[in-house]
Peer 1: 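Mind looking over this structure? Questions follow.
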Amino acid sequence: QLRLQESGPGLVKPSETLSLTCTVSGGSISNSDYYWGWVRQPPGKGLEWIASSQHSGNTHYNPSLESRVTISLDTSNNQFSLNMSSVTAADTAIYYCARARFDSWGQGTLVTVSS
Amino acid sequence: QSALTQPASVSGSPGQSITISCSGTSSDVGGYNYVSWLQQHPGKAPKLMIYDVIKRPSGVSNRFSGSKSGNTASLTISGLQADDEADYYCCSYGDSAWTVFGTGTKVTVL
């Protein structure tokens, strides 16, 4: 059974870079049939897609976040990562990693942007 | 890329059927058969209920069904049960964004 688990700091200072990692077990991110991605949800609000990437190199970003976001795949550790630069309080949210058909999700991790 | 439009709330009594709409444009919902529906209970990660407009993942009850007409997709829940009370989100592939989510609908079982 596929499992995804987010990890990373729960508190990030404004203007700094948010970095999260998703560790995948029970399946390989090298499988080019699938994309892997990140979705976030501000407290009490709806879902927002951030980015998705595939082992073959195809990568897609939310146009509204593209200038600040990088997604990368580490096939040797079966992990994929999200970096988001120049964060502000508006980036405070639960961040989920998911297989990008959205059939498997991590439990989510709350990231708060505050000094 | 604007979010797809969903009603803020829909309610129904146990056993009834309800339908949630998801309105987009010809550049997303109307242009592709890549609409999915997600269920999210409070404090939990979303769960995929429908993909590719009408397909149900293994293990999802056949009380959930999807459809699409023009630029609007719909999720119908028949035989409403207490555990169906949750937030529901549609999402679609789009020309200007690879994925766009809907605004979300809170389903209340009366």
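Labels below follow one simple rule: chain letters A, B, ... track the order of the sequence lines, proteins then strands, and each chain is numbered from 1.
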Peer 1: Anything in residues 47-76 of chain B with a heavy-atom distance to chain A below 4.5 Å? Please list those residues in order.
Peer 2: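 If one takes a 4.5 Å heavy-atom cut-off, the residues of residues 47-76 of chain B near chain A are B:Leu48, B:Tyr51, B:Asp52.
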
Peer 1: Quick check on the interface: out of A:Ser52, A:Gly108, A:Ala98, who has the most heavy-atom pairs with chain B under 4.5 Å?
Peer 2: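 Among the listed options, the one with the most contacts to chain B is A:Ser52.
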
Peer 1: Could you tell me whether the side chain of B:Gln40 reaches within less than 4.5 Å of the side chain of B:Tyr88, counting heavy atoms only?
Peer 2: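 The answer is no; the side chains never approach within 4.5 Å.
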
Peer 1: Report which part of B:Pro42 has an atom under 4.5 Å of a heavy atom belonging to chain A: side chain, backbone, both, or neither.
Peer 2: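 Neither the backbone nor the side chain of B:Pro42 comes within 4.5 Å of chain A.
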
Peer 1: Using non-hydrogen atoms and a 4.5 Å limit, figure out which bit of A:Tyr35 sits close to chain B: side chain, backbone, both or neither.
Peer 2: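 Interface part for A:Tyr35: side chain.
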
Peer 1: If you check every heavy atom in residues 8-24 of chain A against those of chain B, which residues fall under 4.5 Å?
Peer 2: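 No residue falls under the 4.5 Å cut-off.
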
Peer 1: For the residue pair B:Ser11 / B:Thr108, report whether a side-chain donor-acceptor contact shorter than 3.5 Å exists.
Peer 2: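 The criterion, which ignores hydrogens and geometry beyond distance, is not satisfied for B:Ser11 and B:Thr108.
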
Peer 1: Closest heavy-atom contact between A:Pro43 and A:Ala93?
Peer 2: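 Scanning both residues completely, I find the closest heavy atoms to be CD-CA, 4.1 Å.
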
Peer 1: Return yes when atom OH of B:Tyr34 has more than 12 non-hydrogen atoms of other residues, nucleotides or ligands closer than 6.0 Å, and no otherwise.
Peer 2: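 For B:Tyr34, atom OH is not crowded (no more than 12 foreign heavy atoms under 6.0 Å).
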
Peer 1: Please answer whether the main-chain N or O of B:Val35 pairs with a side-chain N or O of B:Ser92 as donor and acceptor at a distance below 3.5 Å.
Peer 2: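 Checking the backbone N and O of B:Val35 against the side chain of B:Ser92, no donor-acceptor pair under 3.5 Å is found.
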
Peer 1: Can you name the nearest heavy-atom pair linking A:Gly46 to B:Tyr89, along with the distance?
Peer 2: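 For A:Gly46 and B:Tyr89, the tightest heavy-atom pair comes out as CA-OH, 3.5 Å.
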
Peer 1: Once rounded to the nearest 0.5 Å, what's the spacing between atom OG of A:Ser30 and atom CH2 of A:Trp36?
Peer 2: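 With rounding to 0.5 Å, OG (A:Ser30) is 9.5 Å from CH2 (A:Trp36).
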
Peer 1: When rounded to the nearest 0.5 angstrom, what distance separates CD1 in A:Ile71 from NE2 in A:His60?
Peer 2: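 Going from CD1 on A:Ile71 over to NE2 on A:His60, the span is 10.5 Å.
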
Peer 1: List the steps, then state whether ring pair (Phe, Tyr, Trp, His ring centres under 6.0 Å) holds for A:Phe102 with B:Phe101.
Peer 2: CA-CA 12 Å; A:Phe102 300 128; B:Phe101 282 103; 5.5 Å; yes

Peer 1: Non-hydrogen atoms of chain B under 4.5 Å away: do they reach the side chain of A:Glu48, the backbone, both or neither?
Peer 2: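 Backbone of A:Glu48 only, per the 4.5 Å heavy-atom cut-off to chain B.
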
Peer 1: If you take all heavy atoms of B:Ser17 and B:Gly79, which pair is closest and at what distance?
Peer 2: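 Nearest pair, atom of B:Ser17 first, then B:Gly79: OG-N, 4.1 Å.
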
Peer 1: To the closest 0.5 Å, what do you measure between CD (A:Glu6) and CG (A:Leu110)?
Peer 2: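 If we round to the nearest 0.5 Å, A:Glu6:CD and A:Leu110:CG are 11.5 Å apart.
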
